[in-house]
Q: 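Next up is a structure, given as structure tokens.
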Amino acid sequence: MLNLVLFGPPGAGKGTQSQNLIEKFGLIHLSTGDLLRGEITQGTELGIEAKKLMDEGVLVPDSVVIGMISNKLDANKDAKGFIFDGFPRTVAQAEALDNLLESKESAISGMIALEVTDAELEQRLLKRGETSGRPDDANPEVIRKRIKEYNDKTAPVAGFYKNQNKFTSINGIGAVEEIFDSINTVIASY
Ligand code: ADP
């Protein structure tokens, strides 16, 4: 199985590159952000709770996102592999993901990190906010909060995969196709 973790701050281009990877490798895309927004649209209890936190730019509890991922892994038993996008976002989530995959006799192939500067991120998110309809993209204060949450809680997840020799970082600034080529070079090395 090819199980990729796409890593990088909000606005790094994980969603865009995920679409390319789905087409090329037939992987199942698991974006916790998209799953949470789906819960919000459906008006579930989980969605109502998550919305408050997401609108402030803070992370939702680990147990919530781990539960969602677990359900999706169970629902896609015959998958060729998965792209994890926006997950794991804390070291506790990374540990839980290893355990979930191990119980299915599988494992993470590698983490690929997209490197983008904070100034570029803020620009991209504000631009996305003009059309995405996402409240968390429209407000500079919330964007800065999300980048801070990333630096405090999510950046350490890179160390978790470095310790397992599963971490590669690539330049996330440039043409979408160029970045996709770099990702493919990493995958070819697995
Ligand atoms: P972005 O990467 O652009 O910030 P996402 O769509 O991945 O966007 O996430 C939006 C929001 O959803 C986050 O700010 C956070 O509140 C919540 N969220 C998404 N994934 C997770 C996760 N794995 N753990 C905790 N919160 C999450």
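We count ligands from 1, going down the list as the structure has it; atoms in each ligand are counted the same way. FYI, the numbering just counts along the sequence from 1.
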Q: With heavy atoms only and a cut-off of under 4.0 Å, state how L59 meets ligand 1: side chain, backbone, both or neither.
A: both
Q: Around atom 26 (N) of ligand 1, find the nearest protein heavy atom and jot down its residue, atom name and distance.
A: V60 N, 3.1 Å
Q: Tell me: protein heavy atom nearest atom 24 (N) of ligand 1, and distance?
A: Q93 NE2, 3.0 Å
Q: How long is the span from the CZ atom in F82 to the CG atom in L2, to the nearest 0.5 Å?
A: 11.5 Å
Q: What are the two closest heavy atoms between M111 and A158, and how far apart are they?
A: SD-CA, 4.0 Å
Q: Just distances here: any N/O of L53 and N/O of ligand 1 closer than 3.5 Å?
A: no
Q: Checking the side chain of K72 only, and the main-chain atoms of L30 only, is there a donor and an acceptor separated by less than 3.5 Å?
A: no
Q: Can you confirm, on distance only, whether ligand 1 has an N/O atom lying under 3.5 Å from any N/O atom belonging to L125?
A: no
Q: Are K104 and D74 close enough for a salt bridge, meaning some N to O gap below 4.0 Å?
A: yes
Q: What's the shortest heavy-atom distance between L53 and L59, and which atoms?
A: CD1-O, 4.1 Å
Q: Can you confirm whether more than 12 heavy atoms, excluding those of Q123, are under 6.0 Å from its CD atom?
A: no
Q: Any nitrogen or oxygen of T32, side chain or backbone, less than 3.5 Å from one on ligand 1?
A: yes
Q: Considering heavy atoms of the protein only, find what lies nearest to atom 18 (N) of ligand 1 and give residue, atom and distance to 0.1 Å.
A: L36 CD1, 3.5 Å
Q: Should the proximity of R128 to ligand 1, defined as any heavy atom under 4.0 Å, be assigned to the side chain, the backbone, both, or neither?
A: side chain
Q: Looking only at heavy atoms of R134, does any of them come nearer than 4.0 Å to an atom of ligand 1?
A: yes
Q: Please verify whether a non-hydrogen atom of E56 lies at under 4.0 Å from ligand 1.
A: no
Q: To the nearest 0.1 Å, how far is atom 16 (O) of ligand 1 from its closest protein heavy atom, and which atom is that?
A: V58 O, 2.6 Å
Q: Can you find a non-hydrogen atom of K52 under 4.0 Å from ligand 1?
A: no
Q: Can you tell me the protein heavy atom closest to atom 13 (C) of ligand 1 and the distance?
A: R89 NH2, 3.8 Å
Q: Just how far is it from atom CD of Q42 to atom CD1 of I40, taken to the nearest 0.5 Å?
A: 11.0 Å
Q: For K14, counting its heavy atoms only, list the atoms of ligand 1 lying under 4.0 Å from any of them.
A: 2 (O)
Q: Would you kindly specify which portion of R37 sits under 4.0 Å from ligand 1, judged on non-hydrogen atoms: side chain, backbone, both or neither?
A: side chain
Q: So which heavy atom in the protein is nearest atom 12 (O) of ligand 1, and how far is it from that ligand atom?
A: M54 CE, 3.3 Å
Q: Within this structure, what is the CG-CD1 distance for the pair L100 and I69, rounded to the nearest 0.5 Å?
A: 8.5 Å
Q: Considering the heavy atoms of F87, write down every atom of ligand 1 situated less than 4.0 Å from one of them.
A: 23 (N)
Q: Can you tell if the side chain of R144 reaches within under 4.5 Å of the side chain of E122, non-hydrogen atoms only?
A: yes
Q: Can K145 and D152 be counted as an ion pair, charged N to O under 4.0 angstrom?
A: no
Q: Which atoms from ligand 1 have a heavy atom of G86 less than 4.0 Å away?
A: 20 (N), 21 (C), 22 (C), 23 (N)
Q: May I ask you to identify, for R146, whether its side chain, its backbone, both or neither come under 4.0 Å of ligand 1 on a heavy-atom basis?
A: side chain
Q: Is the F7 ring parallel, tilted or perpendicular to the Y150 ring (thresholds 30°, 60°)?
A: tilted
Q: Quick one: is the NZ or CZ of K162 closer than 6.0 Å to the six-membered ring centre of F167, and within 45° of its axis?
A: yes
